[in-house]
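The next block holds one structure in the form of structure tokens; read it before the comments.
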Amino acid sequence: MNRLIAATLSLAALAAAAGCMSVPQDLDLALTRPSIGRKYVVTLQPPAQPAAINQLHAWRVLLNTPAGVPVTQARIRVDGGMPQHGHGLPTKPQVTRELPDGGYLIEGMKFSMTGWWEIKLAIDGPAGADRVTFNTVVAERGVGR
């Protein structure tokens, strides 16, 4: 009996590690969206070359007001993880510098397996605090959108 339980747990762990859960069919993969409180319009820009599994990469965030005016001097915290697996990001990515025209550079991103990932941004800017969540799907050869 104990061997059967151990074998079942081992198979479940292998399946989770392989990222084999199917991605929801209706997953919203938009890279531009309003923040939850509609204080900002946020665009997430993945790296130009798809990032490989277990390699660090950088992303950009463009932050605008709903009227399209670039937002400067905001503080942005980065979080995220895999909702289907119940774990967070394997690193602690952070905004390392502000770029022109409401841009911000996120460095230290890494995905440890294929599948559906959420990238969550907590924004503290001139219009106040707000947040936004983006979905991305990481394929075997990198970010697949």
Side-chain angles (χ1 to χ4, degrees), residues 6-145:
T8 302
L9 291 175
S10 293
L11 285 174
L14 284 172
C20 68
M21 293 184 177
S22 63
V23 175
Q25 293 288 335
D26 59 346
L27 190 63
D28 184 353
L29 299 174
L31 292 174
T32 298
R33 63 179 63 237
S35 57
I36 291 174
R38 302 203 177 275
K39 294 178 181 178
Y40 307 102
V41 175
V42 188
T43 300
L44 185 63
Q45 296 178 327
Q49 296 294 327
I53 300 295
N54 289 321
Q55 290 187 353
L56 292 175
H57 49 279
W59 294 59
R60 288 179 40 145
V61 173
L62 298 176
L63 190 59
N64 290 290
T65 66
V69 177
V71 174
T72 59
Q73 299 182 344
R75 289 184 305 280
I76 302 173
R77 286 187 324 276
V78 183
D79 197 8
M82 293 189 87
Q84 292 175 315
H85 291 261
H87 64 75
L89 294 168
T91 57
K92 295 195 182 300
Q94 45 190 303
V95 171
T96 56
R97 64 183 155 128
E98 185 172 335
L99 304 169
D101 300 320
Y104 297 84
L105 181 65
I106 299 173
E107 293 185 291
M109 284 289 273
K110 182 167 86 168
F111 301 118
S112 55
M113 65 175 61
T114 60
W116 166 31
W117 289 83
E118 290 181 329
I119 300 171
K120 299 177 180 186
L121 306 176
I123 303 160
D124 188 7
D130 209 343
R131 54 196 166 91
V132 63
T133 300
F134 292 92
N135 297 300
T136 192
V137 177
V138 178
E140 191 64 36
R141 298 180 188 260
V143 177
R145 256 191 60 123

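As the structure is a prediction and not an experimental result, all values here were calculated from the model. Side chains are part of it too, since the values below use all heavy atoms of this structure and drop only hydrogens, waters and symmetry mates.
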Step by step, work out the side-chain contact (heavy atoms from CB on, under 4.5 Å) result for Trp59 and Ile119. CA-CA 11 Å; Trp59 294 59; Ile119 300 171; 3.8 Å; yes
Tell me, with the steps shown, if Asp28 and Arg33 meet side-chain contact (heavy atoms from CB on, under 4.5 Å). CA-CA 10 Å; Asp28 184 353; Arg33 63 179 63 237; 3.3 Å; yes
Check step by step if side-chain contact (heavy atoms from CB on, under 4.5 Å) holds for Asn54 and Lys110. CA-CA 6 Å; Asn54 289 321; Lys110 182 167 86 168; 4.3 Å; yes
Determine, step by step, whether Gln94 and Val78 satisfy the side-chain contact (heavy atoms from CB on, under 4.5 Å) criterion, reporting the C-alpha distance in whole Å, the side-chain angles of both residues, the deciding distance to 0.1 Å, and the verdict. CA-CA 6 Å; Gln94 45 190 303; Val78 183; 5.6 Å; no
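Distance check, rounded to the nearest 0.5 Å: OH of Tyr104 to CZ of Arg60 gives 12.0 Å. Atom-to-atom distance recorded for Leu99:CG and Leu62:CG is 8.5 Å, nearest 0.5 angstrom. Between Met113 atom CE and Ile53 atom CD1 the span is 8.5 Å, to the nearest 0.5 Å. Separating the CD atom in Glu107 from the CZ atom in Arg97 is a distance of 6.5 Å, to the nearest 0.5 Å. If you take OG1 on Thr133 and CG on Asp79, they are separated by 9.0 Å, rounding to the nearest 0.5 Å. With values rounded to the nearest 0.5 angstrom, Arg75 atom CZ is found 12.0 Å from Ile123 atom CD1.
Taking all atoms of both residues into account, the shortest heavy-atom contact from Gln84 to Pro24 is NE2-CD, 3.9 Å. The minimum heavy-atom distance linking Pro34 with Val132 is given by the pair O-CG2, 3.8 Å. Of all heavy-atom pairs between Ala58 and Leu105, the closest is CB-CD1, 4.0 Å. Between Pro93 and Ile106, the shortest heavy-atom contact is CB-CG2, 3.9 Å. Between Gly102 and Pro70, the closest heavy-atom pair is N-CB, 3.7 Å. Nearest heavy-atom pair, Val23 versus Val137, reported as atom, atom and distance to 0.1 Å: CG1-CG2, 3.8 Å.
Tyr40 contributes a side-chain N or O that, together with a main-chain N or O of Gly128, makes up a donor-acceptor pair within less than 3.5 Å. Although no hydrogens or angles enter the test, the distance criterion places a donor-acceptor pair under 3.5 Å between the side chain of Glu98 and the main chain of Gln73.
Considering Asp130, Ile76, Val95 in turn, Ile76 is the only one that fulfils the side chain to side chain contact (heavy atoms under 4.5 Å, CB included) rule with Leu121.
Between Phe111 and His57, the ring planes are tilted. Angles from 30° to 60° get that label.
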